[in-house]
There are 2 protein chains.
Amino acid sequence: MTELVPRREGRKRNAATTSERIRRTALELFSTQGYEATGIRELADRVGMTTASLYHYVGTKAELLTDIMRDAQARLLAAAQGALAGIDDPAARIVRLVHIHVLAHAIFQLEARTVDTELRVLDPSALQEILDARDEYEQLWREAIVRGCDDGVFTVPDASTARLAIMTMSTGVAHWYKPNRGASPAELAVNFSDLALALLRATDAAGRTVDTAALALGDPAELIPLLGIAPPASTADAAR
Amino acid sequence: MTELVPRREGRKRNAATTSERIRRTALELFSTQGYEATGIRELADRVGMTTASLYHYVGTKAELLTDIMRDAQARLLAAAQGALAGIDDPAARIVRLVHIHVLAHAIFQLEARTVDTELRVLDPSALQEILDARDEYEQLWREAIVRGCDDGVFTVPDASTARLAIMTMSTGVAHWYKPNRGASPAELAVNFSDLALALLRATDAAGRTVDTAALALGDPAELIPLLGIAPPASTADAAR
DNA sequence: CCTACCGATCGGTAGG
DNA sequence: CCTACCGATCGGTAGG
């Protein structure tokens with residue numbers, strides 16, 4: 001509560017902080033109870049306001065959900081594009097995609113669960129927006145797998161099913177991963193890229209089995225900055 | 001509408017049929033809109049009743065959901081136990097588990113989606129019941145994978161992560177599989193068991209890569225009867 | 001004219 | 001299976 005620095009733009013700063021607190025709290029409620037089961041009164045109570053005050057900062061409950069989902073999807077797409085920059089080899093591209101996907105789903109678990117679970121409550125135009133970003137993201141996976149199959153470095157019964165399998169198993173991280181116990185997100189990312197390469201029966205030009213280490217792409221933890229700032233702790237509110 | 005046979009137990013038959021129609025309609029609404037977003041008035045309208053009449057057949061909305069989820073989970077467990085009967089080899093056991101899992105999630109898609117999505121709305125005792133059945137089911141997978149790793153026929157970074165990956169990717173079938181287009185459930189099952197064996201880097205005693213065909217377990221379609229009767233078509237109501 | 005809210009209540013609908 | 005309702009709570013907004 002102590003003010004360490006004078007705040008010249010105090011009003012604006014507080015407005016932003018309050019909006020962020022509302023959004024963070026909404027995310028926590030939506031991702032644990034579900035959007036429909038979360039009342040605006042419950043949200044307002046948790047933030048310590050009346051609903052009338054809440055509506056000073058927020059358009060509607062639906063907008064809150066839409067913003068959360070859109071931002072999460074946009075962040076994933078942008079991070080994936082960043083993680084692929086300068087990488088050409090299909091096996092390396094898949095590894096990078098798995099790494100950024102697992103990192104995003106381990107670090108932004110609540111956002112990922114919400115995107116996964118609440119698509120059906122979106123209105124048609126908001127849904128279209130999210131699905132467009134998702135399609136663009138999936139296209140990155142599709143291309144890498146098809147090219148790997150064409151080059152003969154991947155061998156799968158069906159490229160489309162293999163892609164769905166890898167994406168689905170990696171998305172699962174958001175549902176069962178427990179931070180602060182067991183593997184770090186980066187370790188999990190390597191574990192999963194090894195599983196993905198195995199599933200794809202990835203081999204090098206000489207026909208030898210390929211794993212993540214063989215591709216020498218570095219620690220996936222280096223990709224974390226691509227995801228933007230870390231999710232704020234629930235009640236973090238540092239002066240400045 | 002024509003009666004082909006006299007019905008001596010007309011009342012009972014109709015009562016059963018109405019309950020089934022309500023349950024089937026509830027399943028369709030829950031699995032597409034979500035439990036919270038489905039109103040009892042909406043359910044009653046779809047079945048062609050008032051809400052009051054609906055409550056003649058049904059305890060509560062929550063009970064309807066609980067029954068659907070419990071039955072689906074019980075069916076999956078029983079089918080898996082049946083599919084494993086007389087199978088000892090870990091690779092063969094995993095293949096059988098993947099087959100029955102994919103079949104169940106392709107054929108009983110709506111039930112599977114509901115179990116997947118609506119766990120959080122269950123009350124503690126109903127939740128415990130479902131989780132107990134799920135734990136017993138997962139234990140079958142755990143044992144097969146651990147034994148395969150011990151025997152040296154599977155090679156994975158981490159047995160627990162590999163199990164979650166395979167189960168999650170197979171469960172995904174319930175969310176994207178379209179019946180009546182592309183592969184049959186049995187074909188999909190073989191596709192997935194090949195992916196699972198690849199992911200586990202399964203080999204035989206001689207160190208050669210193993211696929212589903214090599215295990216000669218027969219067509220997974222033969223396992224379908226283990227799942228019990230097929231889901232009724234939405235409006236099926238045969239005389240007798 | 002602004003911001004950051006308040007107490008009270010709106011019209012409708014929820015499950016039962 | 002219906003009409004007629006209940007206690008409570010829903011998302012959202014009024015004036016100040």
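Everything quoted here is computed from the prediction, not taken from an experiment. Any value given below was found using the heavy atoms of this structure, including those in side chains, with hydrogens, waters and symmetry copies removed. Naming: A, B, ... by sequence-line order, numbering from 1 per chain.
- A salt bridge links A:E138 and A:R142; the closest N-O separation between the charged side-chain nitrogens and carboxylate oxygens is under 4.0 Å.
- DNA chain D is contacted by no residue of residues 113-127 of chain B, taking any non-hydrogen atom closer than 4.0 Å.
- Spacing between atom CG of A:L29 and atom P of D:dC10 amounts to 13 Å, rounded to whole angstrom units.
- Rounded to whole Å, the distance from NE2 on A:H56 to P on C:dC5 is 7 Å.
- A donor-acceptor pair under 3.5 Å is formed between the side chain of B:S193 and the backbone N or O of B:V190.
- Within the structure, no pair that satisfies the ring-ring contact (aromatic ring centres under 6.0 Å, His included) test touches residues 61-81 of chain A, not counting sequence neighbours.
- Of the candidates C:dC5, D:dT13, C:dG15, C:dG15 carries the atom nearest the B:Y55 side chain, counting heavy atoms from C-beta on.
- Looking at B:D132 and B:Q128, their side chains do bring a donor and an acceptor atom within 3.5 Å of each other.
- D:dA8 and C:dG12 have their C1' atoms separated by 13 Å, with the value rounded to a whole Å.
- The distance from atom CG of B:L64 to atom C1' of C:dG15 is 13 Å, rounded to the nearest whole Å.
- The stretch residues 167-180 of chain B participates, sequence neighbours left out, in these side-chain hydrogen bond (donor to acceptor under 3.5 Å, both in side chains) pairs: B:H101-B:T171.
- For the pair B:S31 (side chain) and B:E28 (backbone), a donor-acceptor distance under 3.5 Å is present.
- For A:E187 (side chain) and A:S184 (main-chain N/O), a donor-acceptor pair under 3.5 Å exists by modelled atom type.
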For DNA chain D, the dot-bracket notation using Watson-Crick and G-U wobble pairs below 3.5 Å, [ ] for pseudoknot-type crossings and | for other-strand pairs, is ....||.|..|.|.|.
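- Comparing C:dC5, D:dG11, D:dC1 by their closest approach to the side chain of B:Y57 singles out D:dC1.
- Considering only heavy atoms from C-beta on, A:R134 stays 4.5 Å or farther from A:Q139 through its side chain.
- A 4.5 Å side-chain heavy-atom check between B:M49 and B:I22 finds at least one atom pair inside the cut-off.
- Annotation: side-chain hydrogen bond (donor to acceptor under 3.5 Å, both in side chains) contacts involving residues 42-56 of chain A, sequence neighbours excluded, comprise A:Q33-A:E42, A:T50-A:S53.
- Within residues 31-53 of chain A, the residues that place at least one heavy atom under 4.0 Å from DNA chain D are, in residue-number order, A:T38, A:G39, A:I40, A:R41, A:T51, A:A52.
- Side-chain atoms of B:E111 never come within 3.5 Å of backbone atoms of B:A72 as a donor-acceptor pair (strictly under, hydrogens ignored).
- Taking atom CG on A:L54 and atom P on C:dC6, their separation rounds to 11 Å, with Å as the unit.
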